[in-house]
Number of protein chains: 2
Amino acid sequence: MNLKTLSEHLGLSPTTVSRALNGYSDVARETRERVERAASELGYRPNANAKRLATGRSSIIGVSFPTGRNMLVDPHFIDFLAGLSEEAAALDHDILISAIKDDVGEAYKRMAAKGTVDALVLLGLHLNNDVLELMQGLKLPFIVHGRIPSDFAYAYLDIDNHGALVQATRLMLQLGHTRIANLDGPVNQSFSKARAEGWREALQGAGITPEPAYLRHGQMTEENGYIFARELMALPTPPTALICSSVIMASGVYRACRELGLSIGSDVSVMAHDDDLPLFYPERMDPPLTVTRSPIRAAGCEMARMVINLINGASIQDCQQVWPVDLIFRASTAPPISKPGSAVGGAEKNS
Amino acid sequence: MNLKTLSEHLGLSPTTVSRALNGYSDVARETRERVERAASELGYRPNANAKRLATGRSSIIGVSFPTGRNMLVDPHFIDFLAGLSEEAAALDHDILISAIKDDVGEAYKRMAAKGTVDALVLLGLHLNNDVLELMQGLKLPFIVHGRIPSDFAYAYLDIDNHGALVQATRLMLQLGHTRIANLDGPVNQSFSKARAEGWREALQGAGITPEPAYLRHGQMTEENGYIFARELMALPTPPTALICSSVIMASGVYRACRELGLSIGSDVSVMAHDDDLPLFYPERMDPPLTVTRSPIRAAGCEMARMVINLINGASIQDCQQVWPVDLIFRASTAPPISKPGSAVGGAEKNS
DNA sequence: CTGAAAGCGCTTACAG
DNA sequence: CTGAAAGCGCTTACAG
């Protein structure tokens, strides 16, 4: 069943049928209804590829990432994708996932030239990545999850990573901690850098010199949380407060503390940034985990809307958002306890 | 840069350029090389939508699932998808993810009629699902992950779920257990049914009547593992061996046992089916977890190959596979210990 | 070995 | 309000 057949069946021209189906206003009401009825009865669906060729639009949004570090194993990425695809579906768009084998830049050029997708969602961009310049040169609209330094404007949605760590660090400071560690994400990711800077500035604002040994970078896995915590607690002067970049990391920290016989929420305070991932529930941890929070899935939803706006001609300036994060206080954070032999304590908290 | 421009640039007809680029044998070697060089120098990429319209093929494989139970939160699904997209990319195909809002059948019909995808990969099918009959009526090739009862042949890849539970149950029996529980997946999924049957048959083969209270069905989450274990251990005659449908579930069982003061590998034996998910490492659990194992990611890879074969005209009979599972013995399984007051023990194991 | 021509199934100025 | 015609950018019998 194609347009020609349908129009012959109706005794109308393909032109009119097409216009009726696409909601043009200059079609007689009666004609439109007749066409719509016939189309639905006969199960007519316009051939997507013909439509794409004729209009130059595919209603497909591309999401690509290098095969090497396959992001499909990262729950953060997945949950983002869940939000993106759900909202895209609600807006009649599909998501094309393309795992790129080798040269990312080359792959982007290819996608742009082939015309399979109307826009690209860029994820997990590294700092000092030339991919923005490259995309700038292509005619393909794109939006970035996160922000990286650039000479020109581009569409993005980011959370306030800097502010998250400022909030987290200040909370620890207010509780009386001075030895505050930051178990941060990968060193080459912009969100990790922003978080490290927030941590540094909050400490300096309180007159404390950030201790380099208290800043650790790495993939946000349970394993790394465990390793970092073990190493930090083995320092001559271990931190009393640990801020983790993810709840998954924090669960590794919890494991390390259990092994070391450290009581979380008294011997040591722990908090994390919570992307609200399914399967990881900070409120159910023992003790419940204090977090800064911003659902990554909601970011995916919003980015679907934004990228579709972009395709429809929205200005780049209207497609730039930075989301604040919430701070949710739970039992994993408390004033430090002063132990015999500990150089810095929370004496003022005992008054 | 389109075919017309390129061919004018070369002083050839679009026909010849197209044939040269698509590897037809009846193009002069010299011509082909000249065309290929120009195409790559000028960065020519055939417009995908035009190509699709002309050939009727999109090189896109569709994966769809209902929005409601968003499978993107399920690590099993994700890892499968990772394998699928990686292998598809290696074979020059893309993956289109389509989260279906309402009527699945309607959505399939739509996809088939629109021509966006060359084939569909069907996942998480329920028992008594009419989707197979529906797909049969469409001209769109499809392949199923898993098997469900059907009157006609269709392409599928499945693991031997029945055999997995037979193996697992027999292992427990050989160790001397008689009270063996099965913490199974959702009741309406065919793999759960196959596993339940394997469990039942292995027990009956050993002359033991399966205890209905020892069979539990539910989503394979940590939470459910925990709940099921708590409930099972609270029975008047609790099981001494627990077989879980996933490592995630087993981690919930571990948590329950810790809380109950039960030592895994002595007070109670635990094993699970291991889909080899990232982030869940049975060998690192404490104690290391005995598993039946079949990487779900590998299944995704193989299904990409199979579905592309199917598109290229392979017979359905050549696109049917059932994979055996490995049994990996670790410290979480051991003979039961006979306690005072326990009705059934492993006395013969102490000889 | 190469090219002119038709066709894939739509959309969209344009004319009436 | 409706229709004839051109065009989107490819592929592919077919003829030579």
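Every chain is numbered from 1 and lettered A, B, ... according to where its sequence line falls, protein lines coming before strand lines. Just so it is clear, the structure is predicted and the values come from calculations on it, not from any experiment.
- Side-chain atoms of A:S18 lie closest to C:dT11 of the nucleotides D:dT2, C:dA4, C:dT11.
- One interatomic measurement links the two molecules: CG of A:L6 to P of C:dG9, which rounds to 14 Å at whole-angstrom precision.
- When the nucleotides D:dT12, D:dC1, D:dA4 are ranked by their closest atom to the side chain of B:T55, D:dT12 comes out on top.
- For A:A50, the side-chain atoms get nearest to C:dG9 when compared with the rest of C:dG9, D:dG3, C:dA4.
- Judged by atom type and distance alone, A:T31 does not reach the base of D:dT2 through any side-chain donor-acceptor pair under 3.5 Å.
- Annotation: side chain of A:L10 is in contact with side chain of A:R34 (closest heavy-atom distance under 4.5 Å).
- The distance between atom NZ of A:K51 and atom C1' of D:dG9, rounded to the nearest whole Å, is 19 Å.
- Here the P atom of nucleotide D:dC14 and the CG atom of B:D26 are 15 Å apart, to the nearest Å.
- Under a 4.0 Å N-O distance rule, the pair A:E106/B:R45 qualifies as a salt bridge.
- Atom CZ in B:R45 sits roughly 17 Å away from atom C1' in D:dC10 (whole-Å rounding).
- Taking atom CG of residue A:N49 and atom P of nucleotide D:dC8, one finds them 18 Å apart after rounding to whole Å.
- Residue contacts shown for A:N2 are limited to sugar-phosphate atoms, with no base heavy atom under 4.0 Å away.
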Start with the C-alpha gap between A:R52 and B:T116, add the side-chain angles, then the distance that decides, and say whether side chain to side chain donor-acceptor pair (under 3.5 Å) holds.
CA-CA 10 Å; A:R52 284 170 187 146; B:T116 298; 3.2 Å; yes
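- In this structure, of C:dC1, C:dC10, D:dT12, it is C:dC10 that holds the atom nearest to the side chain of A:Y44.
- Comparing D:dA13, C:dT11, D:dC1 by their nearest atom to the side chain of B:R19 picks out D:dA13.
- Between the P atom of C:dG7 and the CG atom of B:L3 lies a distance of 19 Å, rounded to the nearest Å.
- In this structure, A:N47 reaches the sugar-phosphate backbone alone: every heavy-atom distance under 4.0 Å involves primed, P, OP1 or OP2 atoms, never a base.
- No side-chain heavy atom of B:Y108 sits under 4.5 Å from any side-chain heavy atom of B:L140.
- One atom, CZ of A:R52, and another, C1' of D:dC10, lie 15 Å apart when rounded to the nearest Å.
- With rounding to whole Å, B:L21 atom CG is found 15 Å from D:dT12 atom C1'.
- Look at B:S13 and you'll find a side-chain N or O under 4.0 angstrom from OP1 or OP2 of C:dG3.
- Comment: B:R297 does not engage B:D276 in a salt bridge, judged by the lack of any side-chain N to carboxylate O separation of less than 4.0 angstrom.
- Distances from the side chain of A:Y24 to the nucleotides D:dT12, D:dC1, C:dT12 place C:dT12 closest.
- Nucleotide C:dA13: unpaired (no Watson-Crick or G-U wobble partner with both distances less than 3.5 Å).
- Taking only side-chain atoms of B:T16, from C-beta outward, the nucleotide of D:dG3, C:dG3, C:dG9 with the closest atom is C:dG3.
- Closest approach to the A:L53 side chain among C:dC1, C:dG9, D:dG3 is made by C:dG9 (side chain taken as heavy atoms from C-beta onward).
- When every heavy atom of B:L132 is checked against every heavy atom of B:F152, the shortest pair comes out as O-CZ, 3.4 Å.
- Candidate nucleotides C:dC1, D:dG3, D:dC10 were compared by shortest atom distance to the side chain of A:L12, and D:dG3 ranks first.
- Nearest-nucleotide positions on DNA chain C place B:A28 closer to the 5' end than the other of B:A28 and B:A54.
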